[in-house]
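What follows is a single structure, written as structure tokens, with notes after it.
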Amino acid sequence: MCGIVGYIGSKNAKEILISGLKRLEYRGYDSAGVALTSDNLDVVKAVGKIVNLEEKINGFKKEAKIGIAHTRWATHGAPTEINAHPHMSCDKKIAVVHNGIIENYADLKEKLQRKGYKFSSETDTEVLAHLIEENFKGDLLKAVMDSLSVVEGTYGLAVIHADQKDKIVVARNGSPLVIGVGKGENFIASDVAAILSYTDKVIYLADKEVALLTLKDVNIFDLTSRPLKKEISKIDWDLEAIEKGGYDHFMLKEIMDQPQAIKNGLAGRASVKDGNVHLGGINITAKEFASVRRIVITACGTSWHAGLIGEFLLEKLAGIPTEVEYASEFRYRNPIIDPGTLLIAISQSGETADTLAALREAKQKGAKTLGIINVVGSTIAREVDGGMYIHAGPEIGVASTKAFTCQVSSLIMLSVYLGRMRNLSMSEASNVLQELLLAPEKIDEILQQAQKIKKIAAKYCKYSDFLYLGRNLSYPVALEGALKLKEISYIHAEGYPAAEMKHGPIALIDPDFPSVFIIPKNNLYEKTISNIEEIKARSGRVLAIAEEGDNFIQNLADDVIYIPKSHEVVSPILSTIPLQLLSYFIAIMKGCDVDKPRNLAKSVTVE
Ligand code: AGP
């Protein structure tokens with residue numbers, strides 16, 4: 001996600017800002033920029049690594065003592081210099097950096113354009129620069145507060161003004177911001193990593209709080225300008241711990257980040273009231289979609305597992321025949337594609353070579369194409385005809401976790417969106433979206449069981465083979481659970497449809513070959529119970545992922561991890577969470593490098 005750094009003091013602001021941005025590089029970004037006030041307000045931005053920005057401002061000789069800086073993880077608008085932060089007001093006197101999503105930016109932008117404000121970027125953030133300009137009557141703090149009173153969405157925000165060289169105004173709602181308290185100087189940052197080398201005294205801003213930083217002091221207010229008393233905390237973390245948000249590994253941080261990541265993806269899109277989903281970039285009209293005869297989903301690895309869930313969702317909710325293809329197979333098979341085919345490419349990185357090649361093959365044959373992508377502006381994102389970003393934020397751990405659940409959440413939204421162009425009723429759509437919006441808090445409930453799951457992992461980490469089994473929508477979850485285990489713990493694990501066991505795999509079962517079952521209370525529950533009984537009859541050990549309230553399963557399985565009930569199309573998101581944690585803890589117990597597993601890359605950009 002984006003990174004923010006700010007400084008006001010008597011030192012050279014440029015150096016402090018650049019070194020602060022470098023401390024935030026681990027968060028993932030695609031462009032960066034700084035705004036510095038000396039005799040006037042200078043803004044310098046660059047695409048790519050911070051070293052590109054450094055080269056551009058090396059020539060900056062003015063002595064600037066105040067500045068704000070930003071690393072951007074693109075959400076609205078491709079990673080270009082124009083879209084990089086800071087964004088400026090029309091009069092070039094105000095500079096703004098922002099982390100978060102302004103949900104009502106389109107509406108605000110239209111109103112400001114009608115008043116004559118000229119926009120240069122595709123970002124939601126630029127709205128803030130012109131809004132503050134509109135409200136500025138000489139008091140920057142008041143202008144920011146007045147502007148935030150009409151903003152909906154999340155922000156971590158820093159603002160400076162060319163004519164007010166003695167202050168920085170910052171505000172927070174939903175995106176972390178911390179104030180570093182120095183002697184005759186003050187700092188701001190998205191997280192402590194950026195400023196820890198200058199001060200270990202910090203004030204954590206809470207949501208809907210605004211702060212005015214001057215050389216000497218820090219004053220904090222609520223959005224009605226009421227002054228607030230905040231305590232100064234002392235940081236005792238080391239830098240390494242901070243980059244992981246206090247977690248031991250990026251993978252664990254990203255597993256724990258899933259409620260927020262899914263919320264970010266749903267923000268401004270899923271509308272229960274309308275019984276529909278608002279998507280900006282699908283670029284398919286109802287008329288065009290009416291002529292689509294079938295959908296082909298293509299992807300690799302975890303994204304392919306999300307595709308299998310997408311197949312079920314699109315057929316159930318959008319009522320259209322759908323098939324899923326490994327991209328590496330699809331691209332060489334001379335597939336039958338025609339203008340009635342819609343191809344959906346799913347990719348976290350947007351750079352996977354096989355998926356990109358499959359996309360190009362389908363386009364070559366006349367298919368309309370969509371992308372379900374995490375990295376904004378990535379190659380696949382730029383080559384599809386339309387699509388949606390999953391807004392999972394940067395996924396640093398090689399094993400995909402939050403990207404998978406955000407892909408599934410996005411596929412649910414896409415299926416509702418396309419379904420509502422066909423026969424999906426408003427009430428069914430509202431029902432699905434209602435359940436989807438509850439997913440973040442249900443994931444939180446499961447994450448609270450981390451210690452219990454760790455204890456179960458300790459019982460299973462000694463085994464060297466596993467079967468993961470599930471039916472229907474639980475089958476792709478079984479595949480994903482098996483992939484998680486094998487790729488980070490190097491233990492052999494296979495996912496299978498539960499009913500397939502008797503066609504061979506059951507020959508493997510013995511007391512040293514455990515099985516993991518995903519067994520929601522649905523119309524296939526009894527049949528899955530029979531599969532578990534077949535395993536137990538052969539002394540196989542069983543770990544069940546079951547629904548709260550299912551007391552029967554405890555009589556059969558050796559261990560049970562319970563997840564909250566949910567709509568059947570949302571259940572794959574929930575049932576994946578325990579499997580991610582199980583794999584994580586087993587891999588740790590085996591001393592594996594969970595963030596960088598052997599032989600694997602985060603993005604497979606070669607064949
Ligand atoms: C998942 O944990 C793996 N890292 C891998 O299977 C990954 O899902 C696959 O390489 C596809 O990557 P993409 O989503 O970036 O295209």
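Indexing begins at 1, ligand by ligand and atom by atom, following the structure's order. Start at 1 with the first residue, then count along the sequence. Predicted, not measured: the structure shown is a model, and the values here were computed from it.
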#### Entry: pair L469-M501: side-chain heavy atoms closer than 4.5 Å
yes
#### Entry: Closest protein heavy atom to atom 2 (O) of ligand 1, given as residue, atom name and distance to 0.1 Å
E487 OE2, 2.5 Å
#### Entry: Per-atom contacts of ligand 1 with S303, taking only distances under 4.0 Å to non-hydrogen atoms
8 (O), 13 (P), 14 (O)
### Task
Measure from the side-chain N and O atoms of E395 to the backbone N and O of A403, and report whether any donor-acceptor pair falls under 3.5 Å.
yes
### Task
Please tell me if the side chains of Y460 and I491 come closer than 4.5 Å, counting only heavy atoms from C-beta onward.
no
### Query
Which of the atoms in ligand 1, numbered in the order shown and given with their element, are less than 4.0 Å from a heavy-atom of A399?
2 (O)
#### Entry: Heavy atom of the protein closest to atom 9 (C) of ligand 1 (residue, atom name, distance)
C300 O, 3.8 Å
### Query
Can you list the atoms of ligand 1 that are under 4.0 Å from a heavy atom of V398?
2 (O), 4 (N)
### Message
If I apply the N/O under 3.5 Å rule, does S400 come out as touching ligand 1?
### Response
yes
### Query
Does the side chain of I297 come within less than 4.5 Å of E323's, by heavy atoms?
no
### Query
Taking it one step at a time, do H305 and E480 satisfy side chain to side chain donor-acceptor pair (under 3.5 Å)?
CA-CA 6 Å; H305 298 152; E480 175 58 13; 2.8 Å; yes
### Summary
heavy-atom search around atom 10 (O) of ligand 1 in the protein gives V604 CG2, 3.9 Å
### Query
Which residue holds the protein heavy atom closest to atom 1 (C) of ligand 1, what is that atom called, and what is the gap in Å?
T302 OG1, 3.0 Å
### Task
Heavy atoms only: give me the nearest G100-T154 pair and the separation to one decimal.
CA-OG1, 3.3 Å
### Message
Check this for me - ligand 1, Q407, N or O atoms closer than 3.5 angstrom, yes or no?
### Response
no
### Message
Looking only at the side chains, is there a donor atom on one of D595 and H249 sitting less than 3.5 Å from an acceptor on the other?
### Response
no
### Task
Check whether the side chains of S303 and Q348 place a donor and an acceptor atom closer than 3.5 Å, and report yes or no.
no
### Query
Taking distance alone, with no angle check, do L483 and ligand 1 share an N/O pair under 3.5 Å?
no
### Message
For atom 16 (O) of ligand 1, what's the nearest protein heavy-atom neighbour? Residue, atom name and distance, please.
### Response
T352 OG1, 2.5 Å
### Query
Relative to ligand 1, is K484 under 4.0 angstrom through side chain, backbone, both or neither, heavy atoms considered?
side chain
